[in-house]
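To keep things clear, I will list the structure first and then write my remarks on it.
In this chain, numbering begins with 1 at the start of the sequence shown.
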Amino acid sequence: GSMTGAPKHRTMSILHRIERGVPRGPYSGGLGFISLNNSAHLNVVIRTLVVTPRGLSIGAGGAIVAQSSPEEEFEEMLLK
């Protein structure tokens, strides 16, 4: 998927196969609720801590292209 556009169907299909169908969880977009008094509480979902009975997780990554350096991509991911 992409934060700047619609998920690429073929890419997501390949990732689903590689990742053996394990759900990816929240990645980007808006998360929140509208209460009964019409107030809204919204936030952007990016680098969001997810708490489940199995533990804590936080996603981080970047755009990888043919010219990417694996070492630099890893360093960027750690920075995020």
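Smallest separation of non-hydrogen atoms from A40 and I34: CB-CG1, 4.2 Å. Nearest heavy-atom pair, L56 versus V51, reported as atom, atom and distance to 0.1 Å: CD2-CG2, 3.4 Å.
In this structure, E19 places its CD atom where more than 12 heavy-atom neighbours from other residues, nucleotides or ligands lie under 6.0 Å away.
The side-chain contact (heavy atoms from CB on, under 4.5 Å) search around I18 returns I14, not counting sequence neighbours. Applying the side-chain contact (heavy atoms from CB on, under 4.5 Å) test to S57 and every residue at least two apart in sequence or in another chain returns V50.
Note that the CD1 atom of I58 and the OG1 atom of T48 stand 7.0 Å from one another [nearest 0.5 Å].
Looking at heavy atoms from C-beta onward, E73 lies in side-chain contact with E76 at the 4.5 angstrom threshold.
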